[in-house]
Enquirer: 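Mind having a look at this structure? Questions to follow.
Numbers here are sequence positions counted from 1. Note that the structure is predicted; figures quoted are calculated from it, not measured.
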Amino acid sequence: MSKSVPMDRLICGDVGYGKTEVAVRAAFKAVQDGKQVALLVPTTLLVQQHLSTFTERYASFPVTVRPMSRFQTDGEVEVTREGLRSGEVDVVIGTHRLLSQETRFKDLGLVIIDEEQRFGVEHKEALKRLRTQVDVLAMSATPIPRTLEMGLTGIREMTTILTPPEERHPVLTFVGPYEDKQITAAIRRELMREGQVFFVHNRVASIDKVAASIKRLVPEARVAYAHGQMNEQQLEKVMVDFWEKNFDVLVSTTIVESGLDVPNANTLIIDRADTYGLSQLHQLRGRVGRGRERAYAYFLYPPERPLTETAYERLATVAQHTETGAGMYVAMKDLEIRGAGNILGAEQSGTIAGVGFDLYVRMVGEAVAELKGDPEAVAEVETKVELPINAHIPHDYVPGERLRLQSYKRIASVTSEEDVLAAYEELTDRYGTPPQQVDNLMAVARFRVLAKSAGLADVVMQGNQIRFSPVELRESQELRLRRMYPRSIQKESTKTLLVPVPKAGGLGGKPLRDLELLKWCTDLVNAIFEPEKRRVVPQGD
């Protein structure tokens with residue numbers, strides 16, 4: 001914050017790791033330097049919680065902190081806005097109301113975005129437009145894929161908090177089908193140790209029925225429910241009563257997801273966990289286990305419905321990463337499942353479907369090397385071989401689509417005879433003696449290495465001819481071509497060479513195919529293009 005350039009930093013620390021403490025101190029530093037601070041949070045409940053934290057910490061200093069959410073009347077909001085315009089209000093904590101056109105600051109110095117993954121690109125950019133010289137501090141346990149990608153690639157600065165609070169235990173996590181018996185046992189166990197329970201049901205229409213069914217399952221429990229469509233007084237009363245331990249079980253929507261701190265609540269039950277996003281599941285799990293007691297989280301899905309592949313991956317990720325500090329792993333997996341989105345546009349997730357991830361990474365690498373003026377960055381020639389050869393990996397040899405794709409990728413990446421042998425040995429070791437089709441595939445890979453070393457980009461069947469390109473022959477090579485392949489056609493304008501495919505058994509026979517054709521092509525490339533005389537430049541050499 002002391003530098004001449006504006007700060008744009010992402011703080012990635014797991015739930016309950018003290019990101020709010022960083023915000024309190026950063027805001028205080030900005031206020032000391034005569035600047036105003038805007039703290040943007042996603043929910044009204046979090047505004048109330050941060051307001052009590054900030055006012056308590058700043059009690060002995062002349063710092064004015066004001067809230068701005070739907071819990072305040074229009075008159076109170078207008079007084080706060082007037083204070084921001086005149087400079088009387090130092091710190092404002094608010095929801096999306098902060099982003100309205102009427103909100104003007106006298107001298108805004110720092111914008112803090114809590115739970116960054118809950119805001120869209122437009123919201124974040126709107127804040128930056130307030131002032132070009134504003135420092136931005138974004139905080140999240142599970143950054144959205146676009147933000148994480150920008151942090152990992154160095155476009156944004158990123159700080160990771162890895163040290164857990166003292167005596168913090170990992171949350172014991174259970175993923176399984178919904179069962180009344182299990183819910184009853186979980187709630188009763190929490191009540192026995194005088195704790196409280198969050199039950200998350202994300203449907204406002206049926207939340208009262210769910211609360212009634214829990215009351216029926218556990219008659220001794222005091223049950224309340226809360227959701228975002230309740231009026232301000234009701235919602236505030238329910239939450240305050242829960243904080244003050246007047247209720248044992250709070251049935252709520254995801255309104256409790258962001259940053260709420262109830263140390264006495266140490267059991268979380270999520271209904272229909274298959275419908276939530278990955279960061280949502282992790283954030284909700286972070287609502288429990290904030291004290292010294294062991295916490296439990298139950299992610300339940302309907303047993304009668306099959307899980308989608310994405311839902312299964314999400315639940316499996318949450319179940320695997322239960323250790324303290326798992327937020328970064330969860331965010332990285334989210335990036336992997338959903339893709340990085342568009343750095344220059346508004347999409348915050350999405351795959352690079354047009355080109356595929358490997359090609360995208362290679363294109364970015366080549367573009368960076370070119371911009372750096374790297375003299376060793378050699379343009380890589382991609383060689384395409386399309387010949388009538390029965391070359392593939394059969395389903396009964398390598399079972400499973402993912403394993404076959406891995407094997408194809410391994411064979412496609414070979415750049416030398418040693419690589420071909422290593423790939424063949426790996427397949428033999430993993431799946432047994434390869435069938436003829438795989439032997440043919442290896443022969444094609446070997447030929448592709450040869451064609452690449454000869455500088456060819458295309459060896460493609462075209463009718464009854466094979467097209468080789470690009471082709472630039474010396475005079476001695478042209479003489480040899482006319483002598484050995486008299487019916488070939490060389491087109492200098494397009495740098496292509498067309499050679500008729502010979503027929504098996506002479507005239508009247510069928511054109512060569514499979515390994516016979518491949519051997520004929522190999523002989524032609526060796527005879528005409530003399531690849532052994534060309535200097536082969538290895539990748540990155």
Side-chain angles (χ1 to χ4, degrees), residues 19-32 35-116 118-119 123-124 126-127 130 134 136-140 226-244 252-262 287:
K19 296 186 294 295
T20 307
E21 179 62 29
V22 175
V24 169
R25 296 184 183 207
F28 189 68
K29 178 175 173 17
V31 172
Q32 274 190 316
K35 301 286 185 182
Q36 290 173 302
V37 179
L39 173 55
L40 184 65
V41 297
T43 64
T44 48
L45 295 178
L46 202 50
V47 171
Q48 297 303 102
Q49 186 172 297
H50 279 326
L51 179 66
S52 64
T53 304
F54 274 67
T55 46
E56 185 185 323
R57 291 291 298 278
Y58 296 163
S60 52
F61 299 96
V63 178
T64 309
V65 184
R66 289 282 181 272
M68 194 185 287
S69 71
R70 67 184 181 94
F71 276 12
Q72 281 69 52
T73 63
D74 288 345
E76 288 172 331
V77 169
E78 193 48 53
V79 169
T80 302
R81 282 183 177 147
E82 185 54 47
L84 289 172
R85 283 191 287 270
S86 65
E88 287 174 23
V89 175
D90 300 307
V91 180
V92 62
I93 303 169
T95 54
H96 295 72
R97 282 191 99 159
L98 269 179
L99 302 173
S100 68
Q101 297 292 328
E102 293 83 50
T103 307
R104 297 269 190 278
F105 293 87
K106 183 184 180 187
D107 189 7
L108 181 64
L110 175 66
V111 171
I112 302 171
I113 305 171
D114 196 13
E115 306 297 344
E116 175 274 338
R118 298 291 301 277
F119 293 95
H123 297 141
K124 295 167 193 167
L127 275 168
L130 292 173
V134 71
V136 178
L137 183 67
M139 305 190 299
S140 177
H227 56 78
Q229 292 181 20
M230 295 167 80
N231 68 45
E232 293 82 353
Q233 288 78 23
Q234 272 183 300
L235 184 56
E236 193 165 10
K237 184 178 185 310
V238 169
M239 291 311 298
V240 168
D241 282 350
F242 190 63
W243 273 313
E244 292 176 353
S252 76
T253 57
T254 51
I255 194 170
V256 299
E257 175 192 330
S258 301
L260 285 189
D261 194 357
V262 185
R287 295 314 104 218

Enquirer: A23 and M139: which non-hydrogen atoms are nearest, and at how many Å?
Expert: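 Minimum heavy-atom separation between A23 and M139: CB-CE, 3.7 Å.
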Enquirer: Strictly below 4.0 Å, N to O, side chains only: are R85 and E78 in salt-bridge contact?
Expert: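 Result for this pair is yes, salt bridge flagged.
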Enquirer: Give a yes or no on whether the backbone of V89 and the side-chain of Q36 come within a donor-acceptor separation of less than 3.5 Å.
Expert: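 Between the backbone of V89 and the side chain of Q36 there is a qualifying donor-acceptor contact (under 3.5 Å).
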Enquirer: Which pair of heavy atoms, one from A226 and one from L235, lies closest together, and at what distance?
Expert: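 So the two residues come closest at CB-CD1, 3.8 Å.
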Enquirer: Around atom CD of Q234, are there more than 12 heavy atoms from other residues, nucleotides or ligands closer than 6.0 Å?
Expert: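 Result for CD/Q234: enclosed.
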Enquirer: Which heavy atom in P67 sits nearest to a heavy atom in V47, and how many Å separate them?
Expert: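 Where P67 meets V47 most closely, the heavy atoms are CB-CG1, 3.8 Å.
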Enquirer: Applying side chain to side chain contact (heavy atoms under 4.5 Å, CB included), run through T44 and M239 and close with a yes or a no.
Expert: CA-CA 11 Å; T44 48; M239 291 311 298; over 6 Å; no
Enquirer: Look only at the side chain of T103 and the backbone of L99, and say whether a donor-acceptor pair between them is shorter than 3.5 Å.
Expert: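 Side chain of T103 to backbone of L99: no pair is present.
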Enquirer: Under the side chain to side chain contact (heavy atoms under 4.5 Å, CB included) criterion, do L84 and M68 qualify, and how do the steps go?
Expert: CA-CA 11 Å; L84 289 172; M68 194 185 287; 4.1 Å; yes
Enquirer: Sequence neighbours excluded, which residues qualify as ring-ring contact (aromatic ring centres under 6.0 Å, His included) partners of F54?
Expert: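 With neighbours one apart ignored, the set is Y58.
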Enquirer: Give me the atom names and distance for the closest heavy-atom approach of G228 to T253.
Expert: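 Scanning both residues, the minimum pair turns out to be N-OG1, 4.1 Å.
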Enquirer: Where is the tightest heavy-atom contact between M230 and V238, given as atom of each residue plus distance?
Expert: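 Heavy-atom minimum between the residues: CE-CG2, 4.0 Å.
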Enquirer: In Å, rounded to the nearest 0.5 Å, how long is the span from CG of D114 to CG of L137?
Expert: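 Interatomic distance, D114 CG to L137 CG, rounded to 0.5 Å: 9.5 Å.
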Enquirer: So, taking the atom named CG in L39 and the one named OG1 in T20, what distance separates them when rounded to the nearest 0.5 Å?
Expert: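 Spacing of CG (L39) from OG1 (T20) equals 8.5 Å.
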Enquirer: Hey, could you give me the CD/CZ distance between E76 and R66, rounded to the nearest 0.5 Å?
Expert: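 If we round to the nearest 0.5 Å, E76:CD and R66:CZ are 9.5 Å apart.
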Enquirer: For the residue pair R81 / S100, report whether a side-chain donor-acceptor contact shorter than 3.5 Å exists.
Expert: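 S100 vs R81: donor-acceptor pair found between side chains.
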Enquirer: Evaluate T95 against R70 for side chain to side chain contact (heavy atoms under 4.5 Å, CB included), listing each step before the verdict.
Expert: CA-CA 8 Å; T95 54; R70 67 184 181 94; over 6 Å; no
Enquirer: Under the 3.5 angstrom rule, does the side chain of R97 hit a backbone N or O of S69 as a donor-acceptor pair?
Expert: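 Yes, the answer is positive, given that a donor and an acceptor are paired below the 3.5 Å cut-off.
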Enquirer: For the pair T80 and Q72, evaluate side chain to side chain contact (heavy atoms under 4.5 Å, CB included) and give the outcome as yes or no after the intermediate values.
Expert: CA-CA 10 Å; T80 302; Q72 281 69 52; over 6 Å; no
Enquirer: Tell me the salt bridge (charged side-chain N to carboxylate O under 4.0 Å, His left out) pairs involving residues 41-60, sequence neighbours left out?
Expert: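 Qualifying pairs, neighbours excluded: E21-R57.
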Enquirer: Sort and list the pairs that fulfil salt bridge (charged side-chain N to carboxylate O under 4.0 Å, His left out) and have at least one residue in residues 38-49, not counting sequence neighbours.
Expert: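 Qualifying pairs, neighbours excluded: none.
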Enquirer: Spell out, as yes or no, whether a donor-acceptor pair under 3.5 Å connects the side chain of D90 to the backbone of T64.
Expert: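 Here the side-chain-to-backbone pair exists.
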Enquirer: How far does NE2 of H50 sit from OG1 of T43, to the nearest 0.5 angstrom?
Expert: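 One finds 8.5 Å between NE2 of H50 and OG1 of T43.
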Enquirer: How many angstroms lie between atom CD of E115 and atom CG of L40, to the nearest 0.5 angstrom?
Expert: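 Going from CD on E115 over to CG on L40, the span is 11.0 Å.
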